[in-house]
There are 2 protein chains.
Amino acid sequence: MLELRHLRTLTALHETGSVSRAAKRVHLTQSALSHQIKALQSHYGLPVIQRRGQSIELTEAGKHLVALAGKVLEEIRETERDLAKISQQASGSLRIVLECHTCFDWLMPLMDEFRQHWPDVELDLVSGFHADPVKLLEEGGADIVIGSEHKRQRGIVHHPLFRFEILAVLAPEHPLRGKRILHASDFADVTLITYPVPEDRIDLILNVLKPAGIQPQRRTAELTVAILQLVASRRGVAALPSWGLKNYVDHDYVIARRIGANGLWSDLYASTLKETASRPYLRDFLTTARNTCFATLDGIIPLA
Amino acid sequence: MLELRHLRTLTALHETGSVSRAAKRVHLTQSALSHQIKALQSHYGLPVIQRRGQSIELTEAGKHLVALAGKVLEEIRETERDLAKISQQASGSLRIVLECHTCFDWLMPLMDEFRQHWPDVELDLVSGFHADPVKLLEEGGADIVIGSEHKRQRGIVHHPLFRFEILAVLAPEHPLRGKRILHASDFADVTLITYPVPEDRIDLILNVLKPAGIQPQRRTAELTVAILQLVASRRGVAALPSWGLKNYVDHDYVIARRIGANGLWSDLYASTLKETASRPYLRDFLTTARNTCFATLDGIIPLA
DNA sequence: TATGGTTATGAACCCAATTCATAATTTCTT
DNA sequence: AAGAAATTATGAATTGGGTTCATAACCATA
């Protein structure tokens, strides 16, 4: 009766706190999850979730099942790693090109974990700027590109990671602090603080400012903390993924504002060659990435 | 891809050492298991079983998966016990009537385990002889009857346990030692050593000797070891389940012979009231019983 | 070489999980 | 308070994957 799919659903419910969000997380319909939950409850004669206003909460029974899920799913992945070792598919290289600078935040701990699990995989970050990172895959200079590119291309697989919102970051006393939502025009007279990458790699410029014919001043910094430091000391404003901001916003170090009525969103993909896509360690890397991101990053949305 | 059903199949393969026997064990066709195995192998790019002449053996990969199965399936049962506690279905009584005396062998350790898992269930053996044990269920004097009865009866559920062979047990120097198979006529002049129960509860008499019009002398003993002791000291022959004999036969304490060309087989069921059948602890008792029996008892066959 | 038993394979089938369509419910907004 | 928006529940329809069926291949033993 209980199946692994139920356990996956339960963890998704736990992580997202909502049936429909959990459904996206496991790539099923909200209806499917509703049926699953109903089946579980009637089987055990116990509710597993409980409405708590906006979001849902797991009951005691639900928590037991989530704890089980954690153990079981991890154990399965462990043995699958063992199997990969046995079939000698546990070695190779995973050279990562990172287009999204902020992603260092979650990639670093992920890489640490990965190194422990796959000691025989040569794990590297490919440094430097690359005009056409996907070409790097084809040329054999890298094994995976993490970025927003996802146009169909033969021989290449774009593994969807997640969608996230990019927020404008301001100093708490910034003149624009009063507006709940910022529009292109608001950026006319500000200095934009970005990572040192070309304009066409910056979503705010590409999708918002350029279409509106606005070209703000730019200043660059390598590290996210440096950017935030500059913002806080009123040298300009930045546009950063929402997830990395929570701590700084909570401590009133900076404030964050939505860009445009619907917000500015960006999709993240992990692209590989078709042939590397099937390697066990690559698959494990991807699921670990998704797991840790969805578990630790606030406000991200699963991608089809 | 990997599902709990695969894990169950793997353990069955491990326990039975044969695809078709494992199929019976998990109540599927041999074909279904064959497909499952094929799917597993092609998914992991590894064989999980290996032919070893008559029987099969698990490969290293298979052993990893079996180890996983042990952990995972046990953890699931653990949390299901927790859920039963939460839903307050973890208390009640389990008074067992045992028609098959030899079954004490496996029932005792089983009861010990059960007591640890379900401390709030009142566990008891209903002692004494009962002419109609199923009636005892209806009268509320017992909760489960372990025996061979399985005729349809409304309000009663007969949970199949397993089929086992009853072998004739002789002293090593017994005159009949030369025959590989014993027939009804061979029992004409022997003393039959049995448990102290009526004739119609003894399969050998009921199904073999009575139809042939043979009525051997009888002598009774309470305990299996006592019966074996009497057999070894040439006071007569006995008919006992094959599984309990292995140790004694291996040590040349007694010898065992098939009864009739196809052997004498008996089916074991656990009968309960319909209403008690759904209780979590009862279900757990049954699966534990089957698990331990199939894991520890040689030569038993699953029952539809 | 036959024979009984076990396993493999492809096609057909069937059920159960999912989706679809929609209703019911809740929450947010004005 | 009422209407709009979002979320969840439910029943019917669909579909896809796992199982069975039928049969072939294979393997040991006589």
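Treat the numbers as computed from the prediction; the structure is a model and nothing was measured. Every chain is numbered from 1, with letters handed out A, B, ... down the list of sequences.
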Length of the line joining A:I301:CD1 and D:dT7:P, which is rounded to integer Å: 10 Å
Spacing of A:I49 atom CD1 relative to C:dT26 atom P, expressed in whole Å: 13 Å
Sugar-phosphate only, base, or nothing, as touched by A:L33 at under 4.0 Å among non-hydrogen atoms: nothing
Which residue lies more 5' along DNA chain C, comparing A:H6 with A:R52 via nearest heavy atoms: A:H6
Interatomic distance where CD belongs to A:E3 and C1' belongs to C:dT18 [whole Å]: 15 Å
Side-chain ion pair, A:E74 and A:R81, N-O less than 4.0 Å: yes
Which nucleotide in C:dT7, C:dG10, D:dG18 has an atom nearest any side-chain atom of B:R5: D:dG18
Heavy-atom donor-acceptor pair, A:H35 side-chain to D:dG11 base, under 3.5 Å: yes
Value in whole Å for how far the C1' atom of C:dT9 lies from CD1 of B:I37: 13 Å
Separation of D:dT7 P from A:L13 CG (nearest whole Å): 14 Å
With B:L182, the side-chain contact (heavy atoms from CB on, under 4.5 Å) member among B:L170, B:L167, B:L264, B:V208: B:L170
Nearest to side-chain heavy atoms of B:Q36, which nucleotide of D:dT8, D:dT19, C:dA8: D:dT19
Separation of atom CZ in B:R8 from atom P in D:dG18, rounded to whole Å: 15 Å
Nearest to side-chain heavy atoms of A:S31, which nucleotide of D:dT10, D:dT8, C:dT9: D:dT10
Neighbour count >12 (heavy atoms, 6.0 Å) for atom NZ, A:K179: yes
From D:dG11, C:dT7, D:dT8, nucleotide with atom closest to A:Q30 side chain: D:dT8
Over 12 non-hydrogen atoms of neighbours within 6.0 angstrom of CZ in B:R163: no
Partner of B:T272 by side chain to side chain donor-acceptor pair (under 3.5 Å), out of B:H158, B:H159, B:R279: B:H159
Nucleotide C:dG5, atom P - distance to CZ of B:R21 in whole Å: 13 Å
Among C:dA21, C:dT6, D:dT8, the one nearest B:R51 by side-chain distance: C:dT6
Distance in angstrom units between B:I56 CD1 and D:dC27 P, rounded: 15 Å
Given C:dT18, D:dT8, C:dT7, the nucleotide with the shortest approach to the side chain of A:S34: D:dT8
Selected nucleotide, minimal atom distance to B:K38 side chain, candidates D:dT19, C:dT9, D:dT8: C:dT9
